[in-house]
Amino acid sequence: MKYRNLGNSGLKVSEIGLGTNNFGTNAKFPFHMRAAEAATIIDAALDVGINMIDTANVYGTGKSEEYVGKALRGKRDKAIIATKVRGPMRDGPHGEGLSRKSIFHEIEASLKRLQTDYVDLYQLHWVDKETSIEETLRALDDLVKQGKVRYIGCSNYEAWRLCETVWTSKSLNLTSIVSTQPAYSLLDRDIEAEVMPFCEEYNIGIIPYYPLANGLLTGKYKRNQPPPKGSRLEAKSDPYENANFDVIESLEGFAVNSGHTILELAFAWLLSKVTVSSVIAGATKVEQIQSNAAATDWVLTTSELSEISELLGDGVSE
Ligand SMILES: NC(=O)c1ccc[n+]([C@@H]2O[C@H](COP(=O)([O-])OP(=O)(O)OC[C@H]3O[C@@H](n4cnc5c(N)ncnc54)[C@H](OP(=O)(O)O)[C@@H]3O)[C@@H](O)[C@H]2O)c1
């Protein structure tokens, strides 16, 4: 496994990370993983050198953090725990959001579930339009000073909001964000317009989520064939609703001709971007973790990157 600095911080994160929003069954997601399965996945991740483990207070309404904490008992040092705050956790006006009151409550609850006294990366899950960014950053700065949080980051923030966040920290001399977590993959490139250039300029690490586009970039879903048994899309009523098989098949053809798989291409292409620090995919099987970790062996050349751009239709106006 190779490691990269998370943005302008000294924190070294594995190029492949582990997403855990499929940890913790509940009424809405009865097929999600239980504690023992989650522990097996975490152990497999640590075994291949993955240190970046991404969770959030809302995943499985706390269960994901609880399972991560349980699985990391006695192994805390091996992991970078990235969690998030913002989503609804309790009834009442402060049961969600990014106010000082909510953040101070939620960090304690997360630390308890995670069975640790610090979080490596505390991320603002999405924007809270009812709280000023100054209040949120002052609360996070206090948590950093108290040693409960080591680094801070955003998620799902537009470029102008990231800019506002960085400049508020700069002007008030508060701890600044080192990362942002947006959706990003070969099939979803919205962040390339504004978020990515901003992150490049300010050296903010990008942690792409949905890197495999719900599995469409794994090669296991085929045009006109039902999803394989037990796969994520099997549970959907219209599994290929958003699937562009023309693009998927051309990417797969390119990968195979290069002696690789589309899965390896999905990771290698994201990791060809200098601002990408760690690519977090969820996994339901140990073999998935192993093949995801192995994908980093493919470092794309300039000519391979231009071929991929052509396949993606870059530079072609409609
Ligand atoms: N910040 C945010 O707002 C936000 C939003 C969403 C997610 N996230 C984070 O991003 C993480 C990643 O999201 P995601 O898990 O939905 O990512 P994804 O890359 O879109 O999908 C991962 C899924 O693909 C399948 N898969 C993974 N590796 C595979 C392999 N080697 N071969 C075949 N299938 C494979 C698995 O599903 P099956 O085996 O079930 O098919 C796995 O759960 C989440 O866990 C969470 O931590 C953050």
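Nothing fancy with the numbering, it's 1 onward along the sequence. Order of appearance sets the numbers: ligands from 1, and atoms from 1 within every ligand. Predicted model, so just to flag it, every value in this text is computed and none were measured.
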Please work out, at 4.0 Å between heavy atoms, whether the side chain, the backbone, both, or neither of Asn292 comes within that distance of ligand 1. side chain
Examine the proximity of ligand 1 to Lys220 and report which part, side chain or backbone, both or neither, has a heavy atom under 4.0 Å away. side chain
Describe, in one word, how the ring planes of Trp269 and Tyr184 are oriented to each other, choosing from parallel (under 30°), tilted (30 to 60°) and perpendicular (over 60°). tilted
The answer for which part of Asn22 has a heavy atom under 4.0 Å from ligand 1 is side chain
Region of Tyr221 engaging ligand 1 - heavy atom pairs below 4.0 Å: side chain
Looking at ligand 1, does any of its N/O atoms fall within less than 3.5 Å of an N/O of Leu263? no
Which is it for Ser231 and ligand 1 at heavy atoms under 4.0 Å: side chain, backbone, both or neither? both
Ligand 1-proximal atoms of Trp126, by part, heavy-atom distance under 4.0 Å: neither
Report the part of Glu287 in contact with ligand 1, treating N, CA, C, O as backbone and CB onward as side chain, heavy atoms under 4.0 Å; options are side chain, backbone, both, neither. neither
Considering Gly282, Ser155, Ser64, Gly87 one by one, which has a heavy atom nearer to atom 15 (O) of ligand 1 than any of the others? Gly282
From the options Glu234, Met33, Arg232, select the one whose nearest heavy atom is closest to atom 21 (O) of ligand 1. Arg232
Tell me whether the NZ or CZ atom of Arg76 lies within the 45° cone about the ring axis of Tyr118 and under 6.0 Å from its centre. yes
Which of the ligand 1 atoms, numbered from 1, are nearer than 4.0 Å to a heavy atom of Thr218: 33 (C), 34 (N), 35 (C)
Any heavy atom of Ser185 under 4.0 Å from ligand 1? The part involved is neither
